[in-house]
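Below: one structure, written as structure tokens.
In this chain, numbering begins with 1 at the start of the sequence shown.
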Amino acid sequence: MNKNVLVTGGTRGMGEAIVKEFAQNGYNIIINYVKSNEKAISLKSQIEKEYKIKVLLIQADLSYEDEISKMVKTALQEFGKIDVLVNNAGIVIDKEFVDRTVEDWKQTLNVNLIAPFILTKLIGKEMVKQKNGTIINISSTNGIDTYYPSSVDYDASKSGLISLTYDSAVEFAPYVRVNCIAPGWVNTEMNKELDEEFVKEETERILVKRFGEVEEIAKVVYFLASDNASFINSSVIKVDGGWY
């Protein structure tokens, strides 16, 4: 029987790459998304045709607890269980530090930190019942050692996600492994609008002298979910090409 994975923010960028990585390894996929029904439907069709697995699309705004709860309930009703949860969805609102508002903070924290907590709580309990499961949080080096004042709330949310990883690993032990990936600069839609000179400067600070690709992050996510990582728990893995 195929295993099932729920990926938040799974229709573009890093999320899409993660979805495809699990699909080609035989997982049934639950894809959460907020916008672009057309894109979601196209991705579902492509994956089902290419990999012969089941795909469930669930549109839910992770800013709202009731939508998250409804999504989890629907996923469990359709697939019976969730073997892997990937908390990938995230937003960033770049604005000067002194211009940032409390509403900016609330919006960022709701999606980047509070939603992963709710999902971890709801799905973690189910994983304990089935005595097996893996949760993988997508943080960022912004939560560790890459600080930008114009992204202060984003940085804080990603740091908080690392803390959530540690606490939930303890809470759901020994049946559920909870780990975290902290990507550095990756070629995503979120980073397409970066200033050319800034990109050049940051690239020089990366030992491999390039930004990462979403597929490279996806492979690490799948590794952590696999039996090859069965003794890895409560860990944070930087995938940043050696940023210094």
If you count every heavy atom of other residues, nucleotides or ligands that lies below 6.0 Å from K95 atom NZ, does the total exceed 12? yes
Distance from L164 atom CG to K158 atom NZ, nearest 0.5 Å? 11.5 Å
Modelled atom types, side-chain donor and acceptor of T8 and N88, under 3.5 Å: no
Would you call E16 and K20 a salt bridge, taking side-chain N to carboxylate O under 4.0 Å as the test? yes
Please evaluate residues S69 and L122 with respect to the criterion side chain to side chain contact (heavy atoms under 4.5 Å, CB included), reporting the C-alpha separation (whole Å), side-chain torsions for both, the decisive distance (0.1 Å), and the verdict. CA-CA 8 Å; S69 299; L122 295 176; 3.9 Å; yes
Count the heavy atoms of every other residue, nucleotide or ligand shown that sit under 6.0 Å from CD of E65, and state whether that count exceeds 12. no
Report the C-alpha separation of F22 and I53 in whole Å, then their side-chain angles, then the decisive distance to 0.1 Å, and conclude whether the side chain to side chain contact (heavy atoms under 4.5 Å, CB included) test is met. CA-CA 10 Å; F22 276 93; I53 48 92; over 6 Å; no
Verdict with reasoning, Y27 to V7, per side chain to side chain contact (heavy atoms under 4.5 Å, CB included): CA-CA 12 Å; Y27 275 71; V7 182; over 6 Å; no
On a heavy-atom basis, the closest approach of I93 and Q107 is CD1-OE1, 3.6 Å
Step through the shown structure and confirm whether more than 12 heavy atoms of other residues, nucleotides or ligands are within 6.0 Å of CD on E38. no
Does CZ in F97 sit with more than 12 non-hydrogen atoms of other residues, nucleotides or ligands closer than 6.0 Å? no
Rounding to 0.5 Å, atoms CH2 (W243) and CG (L207) come to a distance of 11.0 Å
Within this structure, what is the CG-CG distance for the pair N233 and N179, rounded to the nearest 0.5 Å? 5.5 Å
State plainly whether one hydrophobic cluster holds both L224 and V239, where clusters connect Ile, Leu, Val, Met, Phe, Trp and Tyr through side-chain heavy atoms under 4.5 angstrom apart. yes
Below 4.0 angstrom, N of the basic side chain to O of the carboxylate: do E126 and K81 qualify? no
Working to the nearest 0.5 Å, report the span between CD1 of I181 and CG of N87. 12.0 Å
CG (N228) and OH (Y222) are apart, to the nearest 0.5 Å, by 8.0 Å
Answer yes or no: does atom NZ of K209 have more than 12 heavy-atom neighbours from other residues, nucleotides or ligands under 6.0 Å? yes
Donor-acceptor check, side chain of N32 to backbone of A60, threshold 3.5 angstrom: yes or no? yes
Between E197 and K200, does any side-chain N to carboxylate O distance fall below 4.0 Å? no
Please determine which of V5, V72, L119 meets the side-chain contact (heavy atoms from CB on, under 4.5 Å) test together with L85. L119
Look at the side chain of S159 and the backbone N and O of A156, then say whether any donor-acceptor pair between them is shorter than 3.5 Å. no
Kindly work out whether a path of hydrophobic side-chain contacts (I/L/V/M/F/W/Y, heavy atoms less than 4.5 Å apart) joins L6 to F172. yes
Near Y147 OH, under 6.0 Å, is it more than 12 heavy atoms from other residues, nucleotides or ligands? yes
Quickly, which of V220, V221, T165 forms a side-chain contact (heavy atoms from CB on, under 4.5 Å) with I136? Name it, please. V221
Would you kindly say whether S139 and N137 are connected by a side-chain donor-acceptor distance under 3.5 Å? no
If you count heavy atoms of other groups shown closer than 6.0 angstrom to NZ of K35, is the number above 12? no
Heavy atoms of N28 and K54 approach each other most closely as OD1-N, 3.0 Å
Measure the spacing between CD1 of I41 and CD1 of I31 and express it to the nearest 0.5 Å. 11.5 Å
Can you confirm whether the side chains of T101 and D104 place a donor and an acceptor under 3.5 Å from each other? yes
